[in-house]
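Notes follow the structure.
Lettering follows sequence order; numbering is per chain, from 1.
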Protein chains: 2
Amino acid sequence: MATGRTHRPATRSRGIPEATVARLPLYLRALTALSERSVPTVSSEELAAAAGVNSAKLRKDFSYLGSYGTRGVGYDVEYLVYQISRELGLTQDWPVVIVGIGNLGAALANYGGFASRGFRVAALIDADPAMAGKPVAGIPVQHTDDLEKIIEDNGVSIGVIATPAGAAQQVCDRLVAAGVTSILNFAPTVLSVPDGVDVRKVDLSIELQILAFHEQRKAGEPTAAAHGVAGAPAAPTAPAAAAAASAPAAPAAAAATPGSRKGRPEGDVPAVMPA
Amino acid sequence: MATGRTHRPATRSRGIPEATVARLPLYLRALTALSERSVPTVSSEELAAAAGVNSAKLRKDFSYLGSYGTRGVGYDVEYLVYQISRELGLTQDWPVVIVGIGNLGAALANYGGFASRGFRVAALIDADPAMAGKPVAGIPVQHTDDLEKIIEDNGVSIGVIATPAGAAQQVCDRLVAAGVTSILNFAPTVLSVPDGVDVRKVDLSIELQILAFHEQRKAGEPTAAAHGVAGAPAAPTAPAAAAAASAPAAPAAAAATPGSRKGRPEGDVPAVMPA
DNA sequence: CAATCTTTGTGCACACGTTCACAAAGACAT
DNA sequence: ATGTCTTTGTGAACGTGTGCACAAAGATTG
């Protein structure tokens with residue numbers, strides 16, 4: 001089962017650490033801003049502040065690219081912009097297809113930062129025949145039937161999936177079969193891909209849940225209240241006991257809003273049931 | 001400079017590792033799917049496959065929550081759904097505001113996975129007076145002027161920023177001042193926040209650039225061609241030399257599309273200039 | 001040309017995350 | 001009840017990422 005390629009074979013040759021690669025775009029953005037203000041050089045300290053990272057980390061990151069700085073001075077902005085762009089492969093043109101032109105897909109198609117910096121929306125694809133031909137962000141939507149042809153004709157190697165979760169795996173399979181080797185997945189599903197295909201996922205729901213975790217922790221710490229078995233149901237130690245009641249837990253009321261910082265009229269919350 | 005809280009003070013008490021927290025939503029999703037199919041129990045192996053992770057990792061992750069499994073059998077699905085939900089704070093109701101109702105903001109407001117599982121869109125906020133009152137996803141858009149009042153009245157502690165980059169920091173400051181302590185940022189900027197405020201960022205452009213890096217690497221490895229100083233300009237070792245030409249490098253043509261796997265008519269690519 | 005000052009590049013130690021591999025727990029059959 | 005079989009929970013080894021602290025490089029000044 002080749003699910004998502006977990007283990008990377010330790011980036012070969014002059015491998016740049018994954019964590020560094022993930023930060024390069026951040027540096028590049030900060031550098032581009034400096035470049036536009038015609039700032040000639042920048043120190044690791046300044047650039048690090050602009051990118052929101054530690055300066056030692058930044059210097060180490062750059063050291064993987066080579067020694068592009070000048071001691072006592074800093075880094076040449078323009079030169080560094082070029083080096084990072086080259087390292088990230090942004091001096092090439094990357095045609096991208098977006099599959100699934102719903103609200104999100106349309107938003108992505110319109111997103112400016114998308115088109116800049118080497119990426120070009122080569123095609124918009126949707127399964128709805130009614131969408132076909134309708135222009136979104138100035139680009140006519142094409143039907144899924146032509147997916148393979150579109151990929152090949154445009155030499156697309158990066159695909160963006162913005163379909164509902166149910167369709168994602170199928171779309172993914174077709175993209176991969178047609179030659180796409182990098183996928184940016186916005187659908188809330190785990191995609192299975194063969195070796196050699198990269199998948200990155202963007203999941204709003206997951207991000208929110210992570211925030212909620214920390215938020216709960218923050219709220220629980222000061223008062224040290226919500227620990228232990230907060231009045232909840234479910235047998236203390238025996239998990240199998242849950243089989244008794246088919247509706248196990250969650251209820252106990254999708255209770256009070258946590259951040260009751262400022263006095264808030266109680267009961268005005270529609271209490272949305274989770275799932 | 002409190003930029004993004006880099007060092008966490010080592011998650012206190014019975015701290016759950018950050019990496020584990022980030023995976024819990026993934027497990028929860030897989031478990032919910034099983035629950036809907038009325039599957040009573042699941043083994044770490046099966047669940048790991050569904051979530052796209054290593055089974056040992058999953059077991060270790062669960063071990064931080066306590067011992068909820070039964071050896072020789074596996075985990076009780078319903079019970080685990082509840083435990084994870086509780087740990088993530090999803091048994092509470094989290095009102096969320098979305099600021100910036102452009103294409104992306106509207107897409108987020110309409111996003112289904114957003115509303116489910118404890119999160120509730122409490123308000124949509126935009127700076128454009130023309131938007132005020134106009135309903136998006138059934139919720140009337142309110143003006144930025146009322147931001148503080150909206151936050152307080154609804155007890156909002158989680159804010160989503162979907163504004164243009166230029167407005168993001170300002171909006172962030174106001175959200176934080178009004179009491180928001182968790183921010184999900186879609187604007188391509190580094191946000192500065194005081195201690196105690198969590199920021200998570202979702203950046204399409206960065207994700208694409210990371211994919212491009214790997215894509216380039218894939219393309220460069222087989223032929224072992226594009227290494228070294230690929231015909232580029234710029235002085236070999238002296239960075240300062242770049243000061244000579246104000247337009248340093250990038251040119252050399254925003255050249256040929258990389259994935260020329262299948263023979264593709266050359267020159268049909270509009271050659272988008274990066275910056 | 002020597003002294004001083006700034007800032008890079010990196011060795012080292014430590015923290016965090018991942019994976020292996022296996023003992024122990026429990027289910028289940030006989 | 002005893003033995004076998006499955007699957008968890010975790011100790012330990014390893015790999016990756018982070019941050020300190022400092023030597024060495026080069027600019028700059030007198």
Which whole-number value in Å describes the distance from A:Phe62 CZ to D:dT18 P? 14 Å
Taking OH from A:Tyr75 and C1' from D:dG26, how many angstroms apart are they, rounded to a whole number? 14 Å
With sugar-phosphate taken as primed atoms, P, OP1 and OP2 and all else as base, the protein-contact string of nucleotides 23-30 of chain C at under 4.0 Å (heavy atoms; B, S, -) is -BB-S---
Rounded to whole Å, please give me the gap between CG in A:Leu80 and P in C:dG9. 10 Å
Can you name the closest pair of heavy atoms from B:Thr163 and B:Val171 and give their distance? CG2-CG2, 4.1 Å
From NZ of B:Lys60 across to P of C:dC20 the rounded distance in Å is 12 Å
Here the pair of heavy atoms bringing B:Glu18 nearest to A:His214 is OE2-NE2, 2.9 Å
Which ring-ring contact (aromatic ring centres under 6.0 Å, His included) pairs, counting each pair once, include a residue from residues 24-46 of chain A, with sequence neighbours left out? A:Tyr27-A:Phe62
Spacing between B:Leu65 atom CG and D:dG9 atom P, to the nearest angstrom: 10 Å
Selection from D:dG17, C:dT10, C:dC20 that lies nearest to any side-chain heavy atom of B:Asn54: C:dC20
How many whole angstroms separate atom OH of B:Tyr64 from atom C1' of D:dG9? 12 Å
Sequence-distant partners of A:Arg200, salt bridge (charged side-chain N to carboxylate O under 4.0 Å, His left out), two or more places apart: B:Glu207
Atom CG of B:Leu58 and atom C1' of C:dT18 are separated, to the nearest Å, by 13 Å
